[in-house]
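When a residue number appears, it is its place in the shown sequence, counting from 1.
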Amino acid sequence: MQRPASTLQLPCDEPGCNCWFRNLSSLTQHKHMLHPSFIHHHQSLHDHAELLSSLGQEDHAADRVSLLPKHAFDGYQGDSLLDQECGAMRSEFVGSGSKLYQNYHPGLNNDAPPLPHAEKAWDDWTPYHNWLEFELTDFLFTHVEMPAKKIDALLDIWAASLLELDLYSVIDNTCIGSIKWENFTIWYTGEEQGNNPHEVIHNILTNSGLTRELDYVPYHEYNALNDQRCWVDFMSGDWAWEQADRTISDDPTTAGVTLIPVILGSDKTTVSVAMGQMDYYPLYLSIGNVILITFLAMPKTTREHTSTAAFHNFKRQLFHSSLTQILHSLAHLMRVPETVFFGDNYYWHVIYAFTAYIADYEEQVLLSCILFTNDFPCTDIHEMLSPDILHQLIKGSFKDHLVDWVERYLVHIHGKAEAERILNDIDGCIAAVVPFTGLQCFPQGQHFKQWTGNDSKGLMKVYIMAIDGHVLKDMVCTFRAFLDFCYLVHQNVITEHTLTKINNALWHFHLFHEVFQNTGVVESFSLPWQHAMKHYHYLICQFGAPNGLCSLITESKHITAVKRPYWHTNHYQALGQMLPINQRLNKLTAACMDFNECSMLNGTCLLNAFDTLEQTASYEEELGDALDNPMVVNAHVSLALLVAELGVPELPNILYRFLHLQLYPNDACNPEDIPLHECPLFDGKIHIFNSACSAFFISHRGDSISNTYGMCHKYICSCPTWRNKGSHFDCVFVVTNPQVDGMRGLDVAHILWTLYPYRPNTATGMWTVHPGYHMHNLQNIDIIHINTIYHAAHLILIYSSHNINPWDIRPHQSYDAFHLFYVNKYADHHVFKIAS
């Protein structure tokens with residue numbers, strides 16, 4: 001039975017601590033552990049309030065108690081065996097503004113008091129001699145990927161003036177990230193090579209840069225504004241919480257340990273066809289970042305036995321035995337905790353659990369048959385199979401099903417010759433799409449044989465507009481519902497409201513895709529890839545947002561762990577050469593993170609050398625103030641010259657009224673009604689920039705939260721000449737009414753003129769826009785403040801409303817030559833949120 005939130009509302013009053021507790025005893029234990037005071041005795045919350053009152057200050061902690069949302073501490077089982085030991089059930093606000101909060105599992109915690117580890121010296125570059133040597137090694141081996149002979153030649157040239165460096169030996173002497181590859185032999189005389197997963201996990205946990213990004217305790221996250229549950233990463237899902245309950249109920253002595261969820265993934269990949277079918281079968285492990293741990297065996301046989309049941313059974317048994325042997329070092333640690341040194345310089349008690357397995361459909365079938373998890377406690381392979389956006393949705397349902405069905409429909413209805421003509425028009429529509437940051441160009445349309453995952457993702461963004469008008473409306477609606485489903489499940493944060501929209505999109509997809517069966521294109525919808533869409537709601541609740549468990553992760557890892565190392569071998573028994581390359585890359589990555597954690601990589605080697613040389617008077621006299629004067633490029637023109645160049649004679653009047661609006665923002669008059677003599681005049685120089693870069697934070701918890709995952713940027717171009725093929729003037733979303741959400745509070749502006757939203761299209765679900773005009777059929781040209789630009793926008797011509805041959809259109813002509821466009825909400829995931 002859940003305890004009422006009113007009994008669980010004690011916050012920690014230490015500055016900067018966002019922890020909440022059920023009772024005063026738990027709060028006291030927390031403060032003694034993490035906020036020890038050696039002068040004053042612990043004060044109660046009441047005493048604390050009185051003290052602040054006597055000082056004339058407010059008790060903000062008391063205010064936060066009253067603001068605690070109703071879901072705080074949901075999930076706490078008061079009658080469990082851990083009621084005495086684990087009373088410190090806590091809720092913690094995350095991000096800024098107290099908009100999101102997390103309920104942490106009461107049985108597992110991250111209060112770790114053991115002795116800290118000795119800190120690294122600030123100038124300890126071991127095994128490198130100095131910063132320069134490390135930077136050179138990392139640059140040549142990781143970034144340039146220079147072969148050994150060329151490295152030797154380069155260092156010979158530099159040896160006289162710079163340094164002599166045995167690059168491979170120095171990398172091999174790096175202690176951090178050092179895990180040896182192990183071999184084990186299967187009875188059929190095949191051989192597998194890999195890393196010990198137990199040692200790999202230890203290596204990750206000792207990395208301070210990674211451990212800060214890990215969640216050690218399962219939690220439930222809620223939006224404090226509407227009390228909606230949020231699913232983010234794996235530890236926010238129900239599986240991690242329920243696994244913690246199972247672990248503690250099986251052995252109450254494990255209460256308080258740290259749960260380490262282990263995610264596995266495997267996928268075959270081909271590195272070369274021209275030199276023979278060179279395939280590899282890598283197995284990856286992740287507890288936060290993806291690491292290659294082994295290459296699985298791929299048995300071969302003669303043609304006469306390839307299709308026999310005995311050989312297929314042998315391959316399944318081999319796969320089962322291999323996984324059991326590779327992972328056996330973790331088996332006993334899934335019941336009995338061990339003590340591990342973490343990157344925060346403390347020792348923690350941890351217990352492991354296999355949580356999810358990333359694989360495509362064929363491998364999921366294989367995994368569900370071999371049941372290798374029978375050899376490991378508390379593990380069921382049927383609960384581990386995660387959603388796969390790449391193979392189930394992008395490559396499977398979209399490319400192999402829907403796109404193929406459209407072509408079959410056109411042939412079925414129009415015949416082969418007419419269908420080819422229509423498909424040629426569709427290719428022309430795709431080829432005429434205006435460039436956009438991150439949008440793949442298809443100069444020949446979709447007519448190519450070898451599809452990659454990136455090709456399918458790029459085509460998804462423009463395909464629905466290209467087929468509009470060529471197929472039935474219900475078919476367009478099918479694509480709309482499917483794309484909405486894909487973009488919704490691909491979000492980094494999924495809320496209860498998002499789940500409702502996912503279910504709605506899936507319902508409409510099943511409703512509209514019947515048109516393909518009714519027209520005789522398909523006989524049945526018994527398709528595993530499309531069937532998997534029904535399970536996404538449940539799997540999101542179990543594992544969090546599917547982004548973190550998608551085979552896109554393993555596919556991208558193939559490039560750095562398999563394909564690039566293979567290209568740098570002599571291709572003879574390449575695996576033995578690929579393993580040292582991966583080992584050295586891991587060591588360099590670990591060393592880089594370690595040096596960065598010690599603040600040893602701040603700035604650049606060149607600046608560090610300058611700082612060293614500046615300590616000598618002779619250098620200061622020689623250099624003078626040359627470094628203190630940055631280069632400044634002045635690019636400015638007069639207003640008259642700009643009027644002539646743009647061909648906009650009314651530009652001065654527009655500028656004067658714009659300046660008046662900036663000086664008097666509260667003036668209720670229409671700027672066009674203000675007499676020019678009342679506007680400020682301007683006759684100075686105007687700086688011209690042909691492009692701008694909008695940089696903004698991307699958070700894993702939503703755009704309104706300040707804690708970020710990284711930086712993102714969008715380029716906005718205004719170029720008279722683009723790649724020698726014509727002009728390139730981008731479109732942007734402009735905020736016109738901040739009080740209204742979505743497209744109703746935005747206009748779409750094309751650089752040099754403005755478009756106005758018209759209405760959403762019922763089939764595609766996208767807003768349509770048209771250029772704005774003044775009296776006398778003059779285009780609506782205006783000057784806006786750069787701060788009103790919200791995001792880059794992408795428009796696609798509504799081909800069905802124009803009687804044109806799409807192959808006659810060049811991408812740079814689309815915005816200028818036509819009058820009706822779609823706002824492409826599928827251009828990227830940010831635009832999808834804006835324009836949906």
Side-chain angles (χ1 to χ4, degrees), residues 1-5 7-8 19-23 26 29-30 70-92 101-112 214-222 229-264 287 330-338 348-357 373-374 376-386 496 537-545 548-549:
M1 179 179 297
Q2 295 180 354
R3 296 191 175 187
T7 64
L8 305 171
C19 296
W20 296 72
F21 298 92
R22 181 177 63 86
N23 52 43
S26 302
Q29 294 176 16
H30 166 79
K70 65 181 181 180
H71 284 296
F73 305 100
D74 278 4
Y76 175 72
Q77 302 297 327
D79 298 329
S80 69
L81 295 174
L82 305 174
D83 188 50
Q84 298 298 322
E85 297 88 342
C86 303
M89 171 68 173
R90 61 189 177 93
S91 282
E92 181 174 335
Y101 64 95
Q102 296 174 349
N103 289 349
Y104 288 93
H105 193 281
L108 306 181
N109 62 75
N110 61 343
D111 293 336
L214 300 179
D215 289 305
Y216 301 124
V217 184
Y219 64 90
H220 290 166
E221 181 169 300
Y222 294 90
R229 175 87 178 271
C230 302
W231 287 267
V232 190
D233 52 29
F234 183 85
M235 295 296 272
S236 68
D238 295 338
W239 192 99
W241 191 283
E242 293 167 359
Q243 178 67 20
D245 287 339
R246 287 195 295 266
T247 300
I248 299 172
S249 62
D250 290 345
D251 183 3
T253 62
T254 60
V257 301
T258 298
L259 176 66
I260 303 297
V262 179
I263 299 172
L264 302 171
I287 62 170
L330 297 176
H332 71 286
L333 300 174
M334 299 172 70
R335 287 193 182 276
V336 181
E338 68 166 342
W348 295 54
H349 291 290
V350 302
I351 195 167
Y352 303 102
F354 291 149
T355 57
Y357 202 112
T373 53
N374 291 342
F376 300 90
C378 305
T379 306
D380 185 352
I381 185 59
H382 299 101
E383 296 180 357
M384 292 174 60
L385 299 179
S386 61
E496 295 177 26
H537 182 127
Y538 170 76
L539 293 174
I540 289 170
C541 295
Q542 289 293 107
F543 297 140
L549 296 174

Q) Pick one: which of Thr258, Thr254, Val350, Leu259 meets side-chain contact (heavy atoms from CB on, under 4.5 Å) with Pro337? A) Thr254
Q. Can any side-chain N or O of Thr373 pair as donor or acceptor with the backbone N or O of Ile381 at less than 3.5 Å?
A. yes
Q: Taking all non-hydrogen atoms of both residues into account, name the closest pair between Leu385 and Leu539 and its distance.
A: O-CD2, 3.9 Å
**Q.** Distance-only donor-acceptor check, side chains Asp238 and Tyr538, under 3.5 Å
**A.** no
Q) Got a donor-acceptor contact below 3.5 angstrom from the Ser236 side chain to the Tyr219 backbone? A) no
Q. If you look at every heavy atom in Glu496 and Arg229, which pair is closest and at what distance?
A. OE2-N, 2.8 Å
(Q) Can you tell me how far apart CH2 (Trp231) and NE2 (His220) are? Round to the nearest 0.5 Å. (A) 9.0 Å
Q | Exercise: identify the closest heavy-atom pair between Gln243 and Ala353 | A | NE2-CB, 3.8 Å
Q | Non-hydrogen atoms of Pro377 and Arg335 that approach each other most closely | A | CB-NE, 3.3 Å
**Q.** Full working for side chain to side chain contact (heavy atoms under 4.5 Å, CB included) between Glu242 and Gln542
**A.** CA-CA 9 Å; Glu242 293 167 359; Gln542 289 293 107; 4.0 Å; yes
(Q) How long is the straight-line distance from OG1 of Thr379 back to CG of Asn374, given to the nearest 0.5 Å? (A) 9.5 Å
Q. Given Ile287 and Tyr352, is the side chain to side chain contact (heavy atoms under 4.5 Å, CB included) satisfied, shown in steps?
A. CA-CA 10 Å; Ile287 62 170; Tyr352 303 102; over 6 Å; no
Q: Quick one: pull up CG in Leu330 and CD1 in Ile351 and give me the separation to the nearest 0.5 Å.
A: 11.5 Å
Q: Return the orientation label for the Phe543 and Phe234 ring planes: parallel under 30°, perpendicular over 60°, tilted otherwise.
A: parallel
Q: State, with a plain yes or no, whether a side-chain heavy atom of Met334 is found less than 4.5 Å away from one of Cys378.
A: no
